[in-house]
Each structure stands twice: as structure tokens, then as C-alpha cells.
Amino acid sequence: MNASDKTKLVSLVIPVCDEETTIGPFLTGMAEVLRQVEAYGYRVELLFVDDGSKDGTLAVLTAAIAQDARIRVLELSRNFGKEAALTAGIDAAHGDALIPIDVDLQDPPEVILQLIDAWEQGYEVVVGHRTDRGNDSLFKRQSARWFYKVVNAVADTPVPENVGDFRLIDRCVADALKRLPERRRFMKGLFAWVGFRTAVVDYRRAPRAAGTSKFSGWKLWNLALEGITSFSTAPLRLWTYIGAVVAGLAFVYALYIVFRVLWLGVDLPGYASLLVVVLFLGGIQLIGIGVLGEYLGRVYLEVKQRPTYIVRREHGGE
Ligand code: UDP
Ligand code: MG
């Protein structure tokens, strides 16, 4: 790292939701690294996005502002979800480089120095690549692996595996993200979609410092659906093929019946097989309609043009 440009501002963008116990350890854990970053001649801004916390998170944050002038807090009007909170943070951050980071210290602070280093070498995006997810549950690791397999099989822009939201993005990338008009935002996909010169920094994912994970199995499942449907229309096309295959099989079966009747005469009526075929096709059709509905729902939500998030107030940063 060199200390040539004294005025560059590095913004940490930190979405928080019900993290009153985590913010303290985060600020302490961050202090040394931020001191080093400033020693290299950068200015630092910590932009917390309070994503509708119901506990004392906001009080802890406003108290922290009084201690540390580098802290800003964007208070959303309710819980909009991490993707929306990140979007709000990226929209509001002033930095020449933005670093979205989780508040639970799962993204190790030291890595920030490496991110900035690669940025100074001219990379516009520096992603943190998790080499070891031993601290995530087996379920989470397995489901993540399957998710990336499916997404990358169907999506037009590949989403890199084991890369989270923890990364550094240059101002130009943040401006590009701001220009994307879509309201339902799957950030990992959008980050990949905008492109730019990208470097990779490996790191080990740490266990959560305090508090509990906000992502249950159900929330992750929905995030996965969001990721797939927002970056690919392959699930829609799939039904054309399923329909063609089923129709083809039905035609072959019809020929078979015709010839069997011609050869062997009329068979006993097969009610059971008839019922199975009707139910099977009914089920297939419902799944197809469900997939259609998923995309129609997305179109509906986008057409309403509601904002991704609503800010109640901004604290600090004067
Ligand atoms: N988060 C948020 N809004 C939400 C859920 C989570 O802003 O609705 C924040 C949370 O406070 C944390 C980050 O997103 O800073 C990652 O959440 P968590 O650590 O619970 O996710 P995990 O690491 O388990 O995937
Ligand atoms: Mg976490």
C-alpha cells in the first residue's frame, strides 16, 4: 500500500439488523485495522444501515456516533432485508472505495488492508473469497454449493462460488450499481453482472462474534429462488421441453395402443393407469404454472416501481 493520495475516502458499508450485542465487538475489532488504514493516508467512513432493528441497535449506534465522528447511520423505516439495506448503503456512501462488510466479524478486518492494496494496483472490484467455511454449518455449506451449481448452470452471468458480499468496490462500480433500475435486488448477482476489473483475495470465514444469524433455512431458500429467477429465464424455457417430451411420450403410447388393439383386440379398461397419468400431468402443469407465477410476480413487483428501501433518518456525518 502506498500513501500517495492523502484524500481518498474508504467507506465501510455495514447493514445491521437486531445487532445491539455485535456492534461493540465490531468497533473494537475494527479499531486497529482502521488505524492502520488511516496511517496509510486514507480517510475512513463507517456507514451503518439500520435495517429496521427492533432492539437497542439504533441507540447503540447513536451513542457510538458521539464517540467517533467517522460513523454515520442510515435508519430505514422498517426491515427491508439485507439486499435492500446494502443497496441503501451503497447509494448513501461517499467513499472512493466502498467495502460492504457484515457486522458480526465473520469477514475478518485484516483482510481490508489486502482489499485496499489490490484496489491501489488498479482493480475496480476486489472480492473476498472464502477458502474455509468450516465455521458455517454443514447445511449452509451444502446448500450454498448446490445453489451455486444450479445458478451457474442456468444464469447468463456466472456468480462466483464462495464469494459473499464482502468485497471492495471502486466508486465507478458503485455508480454503475446505482444505475441499475431494478428494485428487487440480488446483490451477489448484480455485483457479478456489472463486471469491471476484478481481483480475488482469499480469507477464512470466522465464526460469528456475537448475536445470532439472521438467515434461517427458509430465508436462504427464498434468497436462492430470488437469485435464480432474477438472473435466468431458463426455468421458463424448461417447460417447453418438458411439454415436448411428455407430448412425445403420449404420442408413442397412443401408437402402441392403436397397434395393440389392432393385433390383440380391445383390452380391459385401465382405470388405475388412467388416474395416474391424469394426476401426474395435473401435477406437472401446476408446477409449470407455479414457475410462470414466480416470474409474473417479479414483473408485478417491478412494475409497481416502489422504492427498494425507505430512509427514516440519517444520523451523524455532519
Ligand atoms: N442483516 C440485515 N438485514 C436482515 C438480515 C441481516 O441488515 O434482514 C445483516 C446482519 O445484521 C449482518 C449481515 O446482514 O450484519 C449478515 O447477517 P448474518 O450474519 O445473520 O448472516 P450469515 O452470516 O449467517 O449469513
Ligand atoms: Mg454472519
Side-chain angles (χ1 to χ4, degrees), residues 11-30 46-61 64 71-93 98-109 111-112 127-130 132-148 159 161-167 184-191 203-224 226-227 308-312:
S11 298
L12 300 187
V13 177
I14 315 141
V16 287
C17 175
D18 295 338
E19 302 276 10
E20 57 179 1
T21 54
T22 330
I23 291 162
F26 175 79
L27 291 173
T28 353
M30 226 14 119
L46 292 116
L47 175 61
F48 288 90
V49 183
D50 177 21
D51 186 17
S53 299
K54 293 202 169 62
D55 63 357
T57 298
L58 191 65
V60 174
L61 287 175
I71 298 179
R72 289 169 62 203
V73 178
L74 206 62
E75 184 190 340
L76 301 189
S77 61
R78 63 169 172 85
N79 180 270
F80 285 90
K82 187 186 174 188
E83 310 295 307
L86 254 186
T87 306
I90 289 171
D91 288 349
L98 273 57
I99 304 180
I101 186 167
D102 286 357
V103 74
D104 54 12
L105 292 174
Q106 286 200 280
D107 310 323
V111 178
I112 290 176
V127 298
H129 176 255
R130 303 163 181 170
D132 169 24
R133 300 185 56 150
N135 288 312
D136 281 336
S137 69
L138 181 69
F139 169 74
K140 200 156 187 171
R141 275 177 288 157
Q142 271 307 327
S143 57
R145 179 171 304 161
W146 277 101
F147 169 71
Y148 287 112
V159 179
E161 195 171 342
N162 284 326
V163 168
D165 296 322
F166 182 42
R167 62 184 65 215
R184 298 286 299 275
R185 299 175 85 86
F186 179 67
M187 291 310 287
K188 280 194 240 305
L190 296 182
F191 282 140
Y203 75 99
R204 290 168 69 94
R205 194 145 164 88
R208 213 175 206 287
T212 49
S213 172
K214 307 293 174 299
F215 286 91
S216 62
W218 182 241
K219 243 181 159 177
L220 279 175
W221 168 252
N222 282 320
L223 187 64
E226 186 82 23
T308 311
Y309 58 88
I310 295 171
V311 176
R312 180 185 290 127

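Starting from 1, each residue takes its place in the sequence as its number. Each ligand, and each atom within it, is numbered from 1 in the order the structure gives.
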* Return the set of protein N, O or S atoms whose distance to the Mg ion (ligand 2) is under 2.8 Å, each given as residue and atom. => Asp104 OD2, Gln106 OE1
Side chain [X], main chain [Y], donor-acceptor under 3.5 Å:
X: Asp102; Y: Asp104; value: no
X: Glu83; Y: Met187; value: yes
X: Arg167; Y: Phe191; value: no

* **Thr22: partners by side-chain hydrogen bond (donor to acceptor under 3.5 Å, both in side chains), with sequence neighbours left out** => Glu19
* To do: Report yes if the side chains of Val311 and Leu76 come closer than 4.5 Å at any heavy-atom pair, otherwise no.
  => yes
* Heavy-atom distance under 4.5 Å between the side chains of Ile71 and Leu27, does that happen here? ->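 Side-chain contact under 4.5 Å: yes.
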* List for me each residue that meets salt bridge (charged side-chain N to carboxylate O under 4.0 Å, His left out) alongside Glu20, sequence neighbours excluded, and say none if there are none. =>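 Listed in chain order: nothing, the list is empty.
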* **Six-ring centre of Phe147, Arg145 cation under 6.0 angstrom, axis tolerance 45°** =>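 Not flagged: Arg145 not positioned over aromatic ring of Phe147.
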* To do: Compile the protein residues with any heavy atom at a distance under 4.0 Å from an atom of ligand 1; present them by chain, then by number.
  =>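 Residues Pro15, Val16, Cys17, Glu19, Asp51, Asn79, Gly81, Lys82, Asp102, Val103, Asp104, Gln106, Lys140, Arg205, Arg208, Ser213, Lys214, Phe215, Lys219 each place a heavy atom under 4.0 Å from ligand 1, listed by chain and number.
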* To do: Could you walk me through whether Ile14 and Phe26 pass the side-chain contact (heavy atoms from CB on, under 4.5 Å) test, one step at a time?
  => CA-CA 10 Å; Ile14 315 141; Phe26 175 79; 3.7 Å; yes
